[in-house]
Amino acid sequence: MSTPARQESTTGQRAASAISPTRAENYAEWYQQVVRAADLAETSPVRGCMVIKPWGWAIWENIQRALDAMFKETGHRNAYFPLFIPLSFLQKEADHVEGFAKECAVVTHHRLEVGADGKLVPAPSAELDEPLIVRPTSETIIGASFAKWVQSYRDLPLLINQWANVVRWEMRTRLFLRTAEFLWQEGHTAHATSEEAVAETMQMLGVYARFARDWMAMPVVQGEKTAGERFPGAVNTYSIEAMMQDRKALQAGTSHFLGQNFSRASEIVFLNERNEQAHAWTTSWGVSTRLVGGLIMTHSDDDGLVVPPRLAPAHVVVIPVAHKAETAAAVTEHCRRVADELRQQRFAGEPVRVELDARDMRGGDKAWQWIKRGVPVRVEIGPRDMEADSVFMARRDRPHKEKSGVPRGEFVAGIAALLQEIQDGMLARATAFRDEHTRRIDARDEFDAFFTPSRGGRPGDDGDGGAEGGPTEIHGGFALSHFCGDPAVEAEVKERLGVTVRCIPLDGFGGGDEPGRCVITGRPSERRVVWAKSY
RNA sequence: CGGAGCGUAGCUCAGCUUGGUAGAGCACCUGCUUUGGGAGCAGGAAGUCGCAGGUUCGAAUCCUGUCGCUCCGACCA
């Protein structure tokens, strides 16, 4: 990660990397530049809201498609509920109000009129009796429907998912990672028993972990959140936590066991087998467009985006190298045939997605655009390759200069295996990175040192780089350390080091289930937890 | 909402201290020459300098206010 930044010199020479600054130089800025260079999204005239551009949207569509299938395999069905929620609904669950009230967009009028100064203003006569909030999450509005849909234990379980947008009025936003409006899916289920609802909560956490691993090539830790990090109104919150390349944790998905809190609030009541009135047990779970941010920060390098093949909008881009007018048509036609041959192949159960880039522009420029967009495999075919019936091939997971000539037939026949190899390699690399920066820590001074950059920045600085001292060096990682469970201790560590308990691992990550003594207080602890700085 | 920085061509920025009505590189368009790699030369189009006031003969440059963006903090999928 010590590659020098790309310099735009007057001679048009480019330096080693396509993205400037590099990850090591300024990670936060690098992220923004990757998003831009890959043409994924841009900021909009609306504060905190993003425009998702076609390439970014295509990745999200692939994410949606894969997850949607997994939800359906586990018995869920899609439905849709209103964008607006009556203010009184939010109020039904005390913790829920407290958690979301501060970041709600509120609709108070239903008509505009021309005011005294000629500008449009909300019409005073059109004020709503009850304000509506734009959903920050849909527990309460879906609860209202569930209350009607559930009468008997025979109506349960109720397994619903919705794909939607939600709004949380965040102070600071970053494309994909935190925007005021974001897209997500939210699963909402109701069950007859606590055990069943807990099982559902865990099942969906597992679905998320599998999706992250198998599709995103992003290893995650499954675990339970501490009380301080719990979803407002939940009994228990579970999450999948991934490590980004700056070694900070990203909460990539959550699954909540809501107990009977929301069924009481929304009166989701049913008659059980013993003819008794009972409140249902509910769950909710969601992942958002933040996953795209996680994808970027897990795999991308100093040349831009790297997309795992299973989510790539295009698996292969075929670039005709046709400089002379007399050969151009033939080369392009040949490329078209190769592209079609590739499309006959299947990868991960779907046809191979191929982009033929026959645009009239310089080849080098064209190739770099695809590098920055992260297409897994690039193929360049010129007159000589055509003559030899071979292709010139480069993989996005290898240095861009590393290219090889391959016989066309061999390449086409092997494309699925190649894509799988890239997919597997990306997971292996990300896993190795995470493990390399995960450390069991039992001594408090070692813990403090682990989360303190060796140069510049104050201990609490999260490494994003400040206005004054420049970016803080990348440091830290996951600390597997014992924790006594005292919320005050967690708060103190957060204040002092900017570090929180990301989760109490449930999947055996790091062998965390052995007893020991709290790394901060020395008090007894049942298990190690994952501490990290986070997004 | 508290702190810092910044808003000048599509992008990145220079000019501002020492006020005199706007520059560069990249991108874009045209032509020629090139071409297994993000080309070279020539020409061209493109900004009234975030917005609103003020000072001044004159403001991108000084002053005030305001809006927005980025980063830090608080909040958070």
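We name chains A, B, ... by the order of the sequence lines, and we start the count at 1 in each one.
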Return the polar atom pairs (N/O with N/O) between nucleotides 28-34 of chain B and the protein under 3.5 Å, or none.
none

Would A:F182 count as stacked on B:A77 if the rule is ring centres under 5.5 Å and plane angle under 30°? yes

With a 3.5 Å cut-off and heavy atoms only, can you find an N or O donor on one side and an acceptor on the other between the side chain of A:E380 and the base of B:G37? yes

Answer with yes or no whether the side chains of A:T179 and A:E181 bring together a donor and an acceptor at under 3.5 Å. no

Test salt bridge (charged side-chain N to carboxylate O under 4.0 Å, His left out) applied to A:R210 - qualifying residues, sequence neighbours left out: none

Spell out yes or no: do the side chain of A:K403 and the base of B:G37 have one donor N/O and one acceptor N/O closer than 3.5 Å? yes

Counterpart residues, side-chain hydrogen bond (donor to acceptor under 3.5 Å, both in side chains), relative to A:N62 (two or more places apart): A:R65

For RNA chain B, which residues of residues 283-296 of chain A approach it to below 4.0 angstrom with any heavy atom? A:S288, A:R290

Sugar-phosphate, base or nothing in reach of A:R384, heavy atoms under 4.0 Å: base

Check: protein-nucleotides 66-70 of chain B nitrogen or oxygen pairs below 3.5 Å:
from  : atom 1 : to    : atom 2 : distance (Å)
B:C69 : OP2    : A:R47 : NH1    : 2.8
B:U70 : O3'    : A:Q32 : NE2    : 3.4

Other residues, nucleotides, ligands: >12 heavy atoms within 6.0 Å of A:W169 CH2: no

For atom P, what is the distance between B:C13 and B:A74, given to the nearest Å? 28 Å

Can you list everything that forms a side-chain hydrogen bond (donor to acceptor under 3.5 Å, both in side chains) with A:W60? Sequence neighbours excluded, please. none

B:G47 and B:G10: how far apart are their P atoms, nearest whole angstrom? 8 Å

A:P383 or A:Q33: which one's nearest nucleotide on RNA chain B is closer to the 5' end? A:Q33

Lys NZ or Arg CZ of A:R247 over A:F478 ring: under 6.0 Å, within 45°: no

Please give the distance between the C1' atoms of B:C67 and B:C51 as a whole number of Å. 7 Å

